[in-house]
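Below is one structure; the comments refer to it alone.
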Protein chains: 2
Amino acid sequence: MEDIDRAIVAALTGDGRLSYTDLAERVGLSVSAVHQRVRRLEQRGVIKGYSARVSFEALELPLTAFVAIRPFDPSQPDDAPERLAHLPEIDSCYSVAGEDFYLLLVRVAGPADLERLLQEIRTSANVTTRTTVVLSTPYENRPPKISAELSGRGRSRSAAEPAGSTAG
Amino acid sequence: MEDIDRAIVAALTGDGRLSYTDLAERVGLSVSAVHQRVRRLEQRGVIKGYSARVSFEALELPLTAFVAIRPFDPSQPDDAPERLAHLPEIDSCYSVAGEDFYLLLVRVAGPADLERLLQEIRTSANVTTRTTVVLSTPYENRPPKISAELSGRGRSRSAAEPAGSTAG
DNA sequence: TTTGAAATGGCTTTAAC
DNA sequence: GTTAAAGCCATTTCAAA
């Protein structure tokens, strides 16, 4: 992938509502050029969509936990992700190597809800659970590493000086 | 928080670039009313921002792993999150109860990069690591539970339908 | 094939009710 | 919360490199 595409992805990861005008200024291209690249990135699946970042505390879901699960009966078909998909408290489901089969990230209002959720998980997927409560989240869902270093591309307008330009 | 606000948050979590026009239609309010609610949600910190959802495979970061860390010397000050923040491969950092001190979610290009990252983590924060490789991700970062279901209230194009105006 | 510039329709945003 | 209006942006179209 090109450097400019990486810069576009990095910018939209930081602010998914950036206008094409601002985006064009940042990467040093015209609006239509940037727009075309974004469309291509979306079509190629590099950009899968856009989401609002929410405060789970404000949503009254202050308790985050990891729930490692493994089947109670390993001979059964392993369809835990589908069996658990209906539970909205489950934020993410990872199939993992190691002792456990899956690692779930869940968000609930408090211990009572966590207890009910764990019971629901166990009965829905016929699994055992091992839960690790999250005490705090120093950072989460940070933008991925972007190696793009935009060399000073000549532009017509000199009024704005986008980030990434060589220090002068 | 009100049901309409929850519906707005849910909609923007699913599609952070929804226009206020579409949003207004979904929740059954006027455009400016929805706009005002979104501004308030942003100011209150319920909506912390907007991000593009990216394909880590397309970004050449196909290997995801969880790295549980604990200090090599527990008598030292515990500032692992700050010491590790400069590593862009670290997607998230959770302070957890249980055997370990922190749980990191990391994304790298392959096993070689993972090995280098683990060495970097150990030396940067003076910690031991226990790594769990993610084999696949059935789902990730799903929208949180929203108790309000306002489906069916949306109008198509009728201009004179004062939704929710029982008081007037 | 990709980029740059202009025009139009739609959206965001503000003010008044 | 609603309506209306003004300004800005997204999207398309076309010309040029």
Side-chain angles (χ1 to χ4, degrees), chain A residues 1-9 11-44 46-53 148 150-162 164-165, chain B residues 1-44 46-53 58 148 150-168:
Chain A
M1 196 165 66
E2 297 181 10
D3 284 352
I4 294 180
D5 282 341
R6 300 192 94 97
I8 290 173
V9 170
L12 287 177
T13 305
D15 184 356
R17 275 195 157 177
L18 267 179
S19 71
Y20 290 115
T21 304
D22 291 344
L23 205 51
E25 210 167 78
R26 287 200 188 193
V27 304
L29 263 67
S30 70
V31 172
S32 61
V34 166
H35 181 254
Q36 190 171 338
R37 281 174 179 266
V38 171
R39 272 186 82 179
R40 260 170 45 211
L41 288 168
E42 290 171 349
Q43 282 184 327
R44 287 169 50 197
V46 178
I47 295 175
K48 294 191 292 184
Y50 302 87
S51 298
R53 291 192 302 265
L150 294 184
S151 55
R153 278 178 69 115
R155 300 185 317 282
S156 49
R157 301 167 66 181
S158 59
E161 192 67 21
S165 61
Chain B
M1 198 166 64
E2 296 181 9
D3 285 351
I4 293 181
D5 282 341
R6 302 192 93 97
I8 289 173
V9 170
L12 287 177
T13 305
D15 183 356
R17 273 195 157 178
L18 268 179
S19 70
Y20 291 119
T21 304
D22 290 344
L23 207 51
E25 209 166 79
R26 286 199 189 193
V27 304
L29 264 66
S30 70
V31 170
S32 58
V34 166
H35 181 253
Q36 188 174 337
R37 281 172 179 267
V38 171
R39 272 185 81 177
R40 209 168 120 244
L41 288 168
E42 290 171 348
Q43 282 185 327
R44 288 171 49 197
V46 178
I47 295 175
K48 294 191 291 185
Y50 303 87
S51 299
R53 291 193 301 264
L150 300 183
S151 54
R153 291 186 64 176
R155 298 154 301 163
S156 52
R157 203 66 181 99
S158 54
E161 182 78 19
S165 67
T166 52

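Note that these values count all heavy atoms, side chains included, but never hydrogens, waters or copies made by symmetry. Residue numbering restarts at 1 for every chain, and letters A, B, ... go by the order of the sequence lines.
Per the geometry, NE2 belonging to H35(B) stands 14 Å off P belonging to dG1(D), to the nearest Å. Summarising the geometry, the separation between CD1 on I8(A) and P on dT2(C) is reported as 13 Å, rounded to the nearest angstrom. At whole-Å resolution of the value, CG in D22(B) and C1' in dA10(D) are 14 Å apart. Atom CG of L12(B) is separated from atom C1' of dT12(C) by 14 Å (rounded to the nearest Å). Residue Q36(B) contributes atom CD, which lies 11 Å from atom P of dT14(C) at whole-angstrom precision.
In the set dC11(C), dT2(D), dT3(C), the nucleotide with an atom closest to the side chain of L29(B) is dT2(D). Out of dT2(C), dG1(D), dA10(D), the shortest distance to the side chain of R40(A) is found at dT2(C). Taking every side-chain heavy atom of Y20(B) into account, dT13(C) is the closest of dC9(D), dT13(C), dT11(D).
Each of L18(A) and V31(B) lies near DNA chain D, and the nucleotide nearest V31(B) is the one positioned closer to the 5' end.
Across all non-hydrogen atoms, the minimal contact from T13(B) to R53(B) is O-NH1, 3.9 Å.
If you check distances only, the side chain of S32(A) does reach the base of dG4(C) with a donor-acceptor pair under 3.5 Å.
Taking the centre and axis of the six-membered ring of Y20(B), the NZ or CZ atom of R39(B) falls outside the cone set by 45° and 6.0 Å.
Residue contacts for R17(B): at a heavy-atom cut-off of 4.0 Å it reaches no nucleic acid atom on any strand shown. Within 4.0 Å of S30(A), counting heavy atoms only, lies at least one base atom of the nucleic acid.
Between L12(B) and E42(B), every side-chain heavy-atom pair lies at or beyond the 4.5 Å cut-off.
In this model, the phosphate group of dT3(C) is approached by a side-chain N or O of R37(A) to a distance below 4.0 Å at OP1 or OP2.
Rounded to the nearest 0.5 Å, atoms CZ (R40(B)) and CD1 (I47(B)) are 11.5 Å apart.
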